[in-house]
Amino acid sequence: MGNAAAPQTGLMPKLVPGLIVANYGRHFLVEDTAGARRICHSRGKKSQGVVGDRVLWLPSEDEGTIEKIEPRRNLLYRQDEVRTKLFAANLDQVLILMAAEPEFSTSQLSRALIAAEEQRITPLIAINKRDLTLPFARAWERLQPYRDMGYDVLALALTSESPADTQALLQRLSGKTTLVLGPSGAGKSTLINRLIPAALAQTGELSQALNTGKHTTTSTTWYWVDAAHSTALLDSPGFQEFGLAHIDPAQLAAYMPDLKPHVAQCKFYNCSHLHEPGCGVISAVKSASGTDSISANRYQIYSDLYAQLSQAKRY
Ligand SMILES: Nc1nc2c(ncn2[C@@H]2O[C@H](COP(=O)(O)OP(=O)(O)O)[C@@H](O)[C@H]2O)c(=O)[nH]1
Ligand SMILES: [Mg+2]
Ligand SMILES: [Zn+2]
């Protein structure tokens, strides 16, 4: 059957369109257009697909082989000196979920934002646990620069069953493919369970079969929020150490919406915005606070990243 049947009938096996919804090494969970999922393997030694990829696959028995990956609109990934970690492809949006507690890192947040900007993926920031009044007030204040630079920042209380919160969030997710990123403890699992009642069912036995004997998955998982399959939420672990080794330090300011408009004022076209005279960015840091100024914290993040990325490029 399957493989053996094709030569007998003389028919070329037919390639079938599909979507990668989970990935464990060289093994993939691929969903066909009817919504059925099956295990597919990649050709060759290297695993090439990523969750969110549109693929053409070849059925064989009850499994399949991925033959072709359609061109990607974008690919969100992080990269350090040692390795590259792919999150997902073909995203409309990245939801960076943080919480009033534990305290989040603005450096991590900025790195995730820069990675998204570089791939032209719209970021959405959400701050969970607003029921924790005091830590929330502090967190909200720390996010002031991000609101000022134009990012959409949502306040949530995911365990409080607030219909208004859920509505505001669903409205932004509707019809889109959104990857959820965030540090451990922010409420990612709570969010998935809240919006996707059948989350466990969707991951299902195939995922478990693929994952057996292995460590817990480090891969992204695709969930449909609605029955019509128009809204998707992708859950991904691994927010720590968001490496940006793939970013050119000279382009860094262009991916930071608070720095970007001031670059035009720089005297030197190749200004690093670190020490040059007549630098528009430095003068915006020094200027009195306003919605178009640059916060000391963001400028520090820029300087640290610039140093780190320039260092890495020398090797
Ligand atoms: N106070 C409060 N706790 C929350 C809220 N949302 C989630 N939590 C709790 O925060 C902890 C971490 O949540 P979890 O979803 O596991 O975070 P994850 O590590 O990002 O997946 C759990 O104990 C949740 O019950 C919230 O809105 N308010
Ligand atoms: Mg979790
Ligand atoms: Zn400058």
Side-chain angles (χ1 to χ4, degrees), residues 87 94-105 108-109 112 125-140 153-169 178-197 199-200 203 207 211 215-221 223 233-240 242 249-256 258-287 292-294 298-299 302-303 305-307 310:
F87 286 109
V94 179
L95 168 61
I96 304 169
L97 182 69
M98 296 165 310
E101 268 179 7
E103 185 175 276
F104 59 87
S105 151
Q108 271 306 75
L109 167 62
I125 300 171
I127 175 94
N128 187 26
K129 310 191 192 181
R130 68 176 167 84
D131 52 300
L132 306 176
T133 314
L134 283 175
F136 174 76
R138 194 178 128 67
W140 190 250
V153 183
L154 273 181
L156 303 172
L158 289 168
T159 49
S160 307
E161 305 285 324
S162 156
D165 283 3
T166 312
Q167 269 323 105
L169 183 58
T178 304
L179 175 78
V180 184
L181 281 180
S184 175
K188 296 182 298 299
S189 301
T190 309
L191 174 78
I192 297 288
N193 292 331
R194 186 84 194 274
L195 294 188
I196 304 144
L200 271 172
T203 29
S207 284
N211 215 10
H215 318 284
T216 46
T217 175
T218 52
S219 160
T220 304
T221 306
Y223 298 102
L233 209 50
L234 284 66
D235 185 19
S236 174
F239 190 58
Q240 68 282 61
F242 206 113
Q251 290 302 313
L252 198 52
Y255 304 133
M256 301 178 74
D258 44 351
L259 272 68
K260 191 181 175 188
H262 302 287
V263 171
Q265 263 71 60
C266 296
K267 190 171 162 194
F268 302 108
Y269 80 94
N270 59 348
C271 187
S272 69
H273 323 304
L274 295 177
H275 45 67
E276 290 88 343
C279 171
V281 170
I282 294 172
S283 74
V285 180
K286 289 178 174 161
S287 75
D292 64 347
S293 72
I294 299 165
R298 280 282 286 184
Y299 185 66
Y302 169 80
S303 314
L305 260 175
Y306 190 98
S310 314

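Whatever order the structure lists them in is the order used to number ligands and atoms, beginning at 1. Note that the structure is a prediction, hence the values are computed from the model and not measured.
Side-chain atoms of Lys188 come within 3.5 Å of backbone atoms of Gly182 as a donor-acceptor pair (strictly under, hydrogens ignored). Between the side chain of Asn128 and the main chain of Ala186, a donor-acceptor pair closer than 3.5 Å is present. Remark: side-chain polar atoms of Thr220 are not paired, donor with acceptor, to backbone N or O of Ser236 under 3.5 angstrom.
In this structure, Cys279 and Phe268 have side chains that are not in contact, with every pair of non-hydrogen atoms separated by 4.5 Å or more. Side-chain contact between His262 and Ser283: absent, with no pair of heavy atoms (C-beta onward) separated by less than 4.5 Å. No side-chain heavy atom of Leu195 sits under 4.5 Å from any side-chain heavy atom of Tyr223. With a 4.5 Å cut-off on side-chain heavy atoms, Glu103 and Pro183 do not count as touching. Contact check for Arg130 versus Asp165: side-chain heavy atoms found under the 4.5 Å cut-off. Contact annotation: the side chain of Leu274 approaches that of Ser303 to within less than 4.5 Å [non-hydrogen atoms, C-beta and beyond]. Side-chain contact between Leu234 and Phe87 is absent, with no heavy atoms from C-beta onward closer than 4.5 Å.
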Please tabulate, one line per pair, the protein N or O atoms found under 3.5 Å from any N or O atom of ligand 1, giving the distance to one decimal.
residue: ligand 1; atom: 1 (N); partner: Asp131; partner atom: OD2; Å: 2.8
residue: ligand 1; atom: 6 (N); partner: Asn128; partner atom: ND2; Å: 3.0
residue: ligand 1; atom: 10 (O); partner: Lys129; partner atom: NZ; Å: 3.0
residue: ligand 1; atom: 15 (O); partner: Ser189; partner atom: N; Å: 3.3
residue: ligand 1; atom: 15 (O); partner: Thr190; partner atom: N; Å: 2.8
residue: ligand 1; atom: 15 (O); partner: Thr190; partner atom: OG1; Å: 2.6
residue: ligand 1; atom: 17 (O); partner: Gly187; partner atom: N; Å: 3.0
residue: ligand 1; atom: 19 (O); partner: Gly185; partner atom: N; Å: 2.7
residue: ligand 1; atom: 20 (O); partner: Ala186; partner atom: N; Å: 3.3
residue: ligand 1; atom: 20 (O); partner: Gly187; partner atom: N; Å: 3.0
residue: ligand 1; atom: 20 (O); partner: Lys188; partner atom: N; Å: 2.8
residue: ligand 1; atom: 20 (O); partner: Lys188; partner atom: NZ; Å: 2.8
residue: ligand 1; atom: 21 (O); partner: Ser189; partner atom: N; Å: 2.9
residue: ligand 1; atom: 21 (O); partner: Ser189; partner atom: OG; Å: 2.9
residue: ligand 1; atom: 27 (O); partner: Asn128; partner atom: OD1; Å: 3.1
residue: ligand 1; atom: 27 (O); partner: Leu158; partner atom: N; Å: 2.9
residue: ligand 1; atom: 27 (O); partner: Thr159; partner atom: N; Å: 3.3
residue: ligand 1; atom: 27 (O); partner: Thr159; partner atom: OG1; Å: 3.3
residue: ligand 1; atom: 28 (N); partner: Asp131; partner atom: OD1; Å: 2.8
residue: ligand 1; atom: 28 (N); partner: Asp131; partner atom: OD2; Å: 3.3
residue: ligand 1; atom: 28 (N); partner: Thr159; partner atom: OG1; Å: 3.1

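Using a cut-off of 2.8 Å, one finds that Cys279 contributes an N/O/S atom close to the Zn ion (ligand 3).
No other N/O/S atom of His273 lies as close to the Zn ion (ligand 3) as ND1 does.
Listed by chain and number, the protein atoms of type N/O/S under 2.8 Å from the Mg ion (ligand 2) are Ser189 OG; waters are omitted.
Rounded to 10°, the angle formed at the Zn ion (ligand 3) by SG of Cys271 and SG of Cys266 is 120°.
Ring geometry for Tyr306 versus Tyr302: interplanar angle of 30 to 60°, hence tilted.
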